[in-house]
Undergrad: 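Dumping the structure here so I can ask a few things about it.
Computed over heavy atoms, backbone and side chain alike; hydrogens, waters and symmetry mates excluded.
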Amino acid sequence: MEPIVAIVLVLIGYALGSAKLINQGNEALVERLGRFHRKLRPGLNFIVPLLDQIVMEDTTREQVLDIKPQNVITRDNIYLEVDGVVYWRIKDIERSFYEIDDLQQALSNLTTTTLREIIAQNSLEETNAARSQMNTALLDQLNQTTLQWGVEIIRVDIQSITPPESVRKSMEEQRAAEINSRAAILEAEGQRQAAIKKAEGTKTSMQIISDALRTSPESKDILRYLVAQDYINASYKLGESQNAKVVFVDPGKTGEMMNQLVAEETGNRESNGKGSDG
């Protein structure tokens, strides 16, 4: 009876030692006598105790690598502080274990080195304006190397690009100058459009007056009266001003204009008087 119990216990121990449960989203590598034997998929797997050994179990899900702030220099010799995030996953767990030692450290070093190379090819202005293009270029260059390690870089995001304080102030001043310049251009354009509209209105008015003078000869008398009245009103305003007390005019034209104005006013009053008597 005791031998049977011993055999049962041995079988139970063998079963427990050979059964390996791999969680969903993970894979494992098995070596037999020191050499790669096979991969274990998610679920219940069995290995040979003493002969087989699980040397690695890792996730095949997407992972995140945080790139700490790095000091880099642009093509125009401006020092920047840049950080970012890399999203990656293991595509071939066998390669990720046998092709590279310390995968996380290798990915971090490769990303920072490639980031410096890409930014060094761009000026400060290009670096700020073309962040998405740099992300794409960084992704392509990283995958050229990491695919050999069984790793796929899914996407790269450059989070922040921080120039020195002096450069930030210069950039702010430049942006302020550009805003003021655009405002001045818009104001000048508005004044130009207003001048054009005013000139078009003056041209239209002159055309109307010209047409009226051609069609109605009596319109000339009305026009002369209006001009004289405006002239007198302007003279009164100049006389009331604190800064202008002397007005220089052409005496010959002034007398003629005043005589004409008086004659016209007298004629108008006589006409009005006759109308009232009647």
Undergrad: Is there side-chain contact between E27 and R41, with heavy atoms separated by less than 4.5 Å?
TA: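 Side chain of E27 against side chain of R41, heavy atoms only: contact under 4.5 Å found.
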Undergrad: Around atom CG of D101, are there more than 12 heavy atoms of other residues, nucleotides or ligands at under 6.0 Å?
TA: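 Not more than 12 within 6.0 Å, no.
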Undergrad: Determine yes or no for a side-chain-to-main-chain donor-acceptor pair under 3.5 angstrom, with N135 supplying the side chain and I158 the backbone.
TA: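 Here the side-chain-to-backbone pair exists.
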Undergrad: Checking side chain to side chain contact (heavy atoms under 4.5 Å, CB included) between I119 and each of T127, L124, I161, T114, which is the one that passes?
TA: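 Running side chain to side chain contact (heavy atoms under 4.5 Å, CB included) over T127, L124, I161, T114 with I119 returns exactly one hit, T127.
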Undergrad: Might you point out which heavy atoms bring Y98 and E31 nearest each other, and give the distance in Å?
TA: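 Result for this residue pair: OH-OE2, 2.7 Å.
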Undergrad: Is the backbone N or O of N26 less than 3.5 Å from a side-chain atom of T59, with the two atoms forming a donor-acceptor pair by type?
TA: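 The answer is no, because no donor-acceptor pair under 3.5 Å joins these two groups.
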Undergrad: Please find the pair of heavy atoms, one from L65 and one from T111, that lie closest to each other, and give the distance.
TA: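 Closest approach of L65 to T111, heavy atoms only: CD2-OG1, 4.4 Å.
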Undergrad: One thing to verify: whether E62 and R89 come together as a salt bridge, which I'm taking to mean a side-chain N less than 4.0 angstrom from a carboxylate O.
TA: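 Salt bridge: no.
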Undergrad: Kindly give the heavy-atom pair with the smallest separation between S96 and L103, and that separation in Å.
TA: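 Looking at all heavy atoms of both residues, the shortest contact is CB-CD2, 4.1 Å.
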Undergrad: Between R38 and I47, does the side chain to side chain contact (heavy atoms under 4.5 Å, CB included) criterion hold? Intermediate values first, please.
TA: CA-CA 10 Å; R38 66 190 180 98; I47 63 174; 4.0 Å; yes
Undergrad: Does a donor on one side chain and an acceptor on the other come within less than 3.5 Å for E189 and Q193?
TA: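 Short answer, yes.
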Undergrad: Near L50 CG, under 6.0 Å, is it more than 12 heavy atoms from other residues, nucleotides or ligands?
TA: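 Not more than 12 within 6.0 Å, no.
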Undergrad: Looking at every heavy atom in both T113 and N109, which two are closest together, and how far apart are they?
TA: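 Smallest heavy-atom distance, with atoms named: OG1-O, 2.9 Å.
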Undergrad: For S160 and D83, which I'm curious about, is there any donor-acceptor pair between the side chains at under 3.5 Å?
TA: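 There is such a pair between these side chains.
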Undergrad: Could you tell me if the side chain of W88 sits less than 4.5 Å from the side chain of L142, heavy atoms only?
TA: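 The answer is no, as the side chains (C-beta and beyond) never meet within the 4.5 Å cut-off.
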Undergrad: I want to check something: taking the side chain as every heavy atom from C-beta on, are N71 and Y79 in contact at a cut-off of under 4.5 Å?
TA: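 Of all side-chain heavy-atom pairs linking Y79 with N71, none is under 4.5 Å.
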Undergrad: What is the minimum heavy-atom distance between Q148 and R95, and which atoms define it?
TA: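 Shortest heavy-atom separation between Q148 and R95 comes out as O-CD, 3.8 Å.
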Undergrad: For the atom pair CZ (R131) and CG (D157), what is the distance rounded to the nearest 0.5 Å?
TA: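 Answer rounded to 0.5 Å: 10.0 Å.
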Undergrad: Any side-chain heavy atom of R116 sitting closer than 4.5 Å to one from Q70?
TA: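 They are in contact (side-chain heavy atoms under 4.5 Å apart), so the answer is yes.
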Undergrad: For a quick test of reading the model, state the closest non-hydrogen atom pair linking I22 to A28 and the distance between them.
TA: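 That would be CD1-CB, 3.8 Å.
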Undergrad: Can you tell if the side chain of L107 reaches within under 4.5 Å of the side chain of I153, non-hydrogen atoms only?
TA: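 They are in side-chain contact.
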